[in-house]
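As a basis for the values below, the full set of heavy atoms in this structure was taken, side chains included, without hydrogen atoms, waters or symmetry mates. Read the numbers this way: they start at 1 and go in the same order the structure lists the ligands and their atoms.
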Amino acid sequence: MLLPKYKRIVDRKMIQKMRKPYCELCGERTNIEPHHVHTVGSGGGDISINLIQLCTECHIKAHSGGISKAQCEEAIAIREGISCEEVHRINRKAMGYDVY
Ligand SMILES: [Zn+2]
Ligand SMILES: [Zn+2]
C-alpha cells in the first residue's frame, strides 16, 4: 500500500470513514460492532452519520431501548463535529423524509 508523504495533512472525509476502534458510548475496546441508528429496515442509510461503533453491551441496549436514538445521534454529532439536529436532519433526509 502506498502512503503519501504528506500524510500529516488531515483528510476529514477519510477520518469520517474510519471506524472507531472503541465503543463510541462507553469507550469499551472489545467486541465492537457497527450499529445503524436508524435501521436499514426502517430506511436508514449506510452512511457514517447513521453508523456508530458499539460494544456488545451498548449494542444490546440500543436495540432494547436502554439507549435512545438521540443518545447515539449525540455521539455521532460530536464525532462529526456538527449539531445533533444536523445529524437528525441528514438521517431523515437519507430516509426520504422532507426536511427543512
Ligand atoms: Zn459500549
Ligand atoms: Zn444494531
Would Gln53 and His59 count as having a side-chain donor-acceptor pair, cut-off 3.5 Å? no
Checking Ser64 now: which residues fulfil side chain to side chain donor-acceptor pair (under 3.5 Å) with it, not counting sequence neighbours? none
N, O or S atoms of the protein lying under 2.8 Å from the Zn ion (ligand 2): His35 ND1, His59 NE2, His63 NE2
Which residues satisfy the salt bridge (Lys or Arg N to Asp or Glu O under 4.0 Å) test with Glu86, sequence neighbours excluded? Arg89
Correct closest heavy-atom pair for Ile76 and Asn50 would be CD1-C, 4.4 Å
Does Leu51 share a hydrophobic cluster with Ile82, counting links as ILVMFWY side-chain heavy atoms below 4.5 Å and allowing steps through other members? no
For His36, give me all partners under ring-ring contact (aromatic ring centres under 6.0 Å, His included), at least two apart in sequence or on another chain. none
Compute the angle centred on the Zn ion (ligand 1) spanning SG of Cys23 and SG of Cys58, and express it rounded to 10 degrees. 110°
Could you grab the angle centred on the Zn ion (ligand 1), going from SG in Cys26 to SG in Cys55, to 10°? 110°
Step through the shown structure and confirm whether more than 12 heavy atoms of other residues, nucleotides or ligands are within 6.0 Å of CD on Glu28. yes
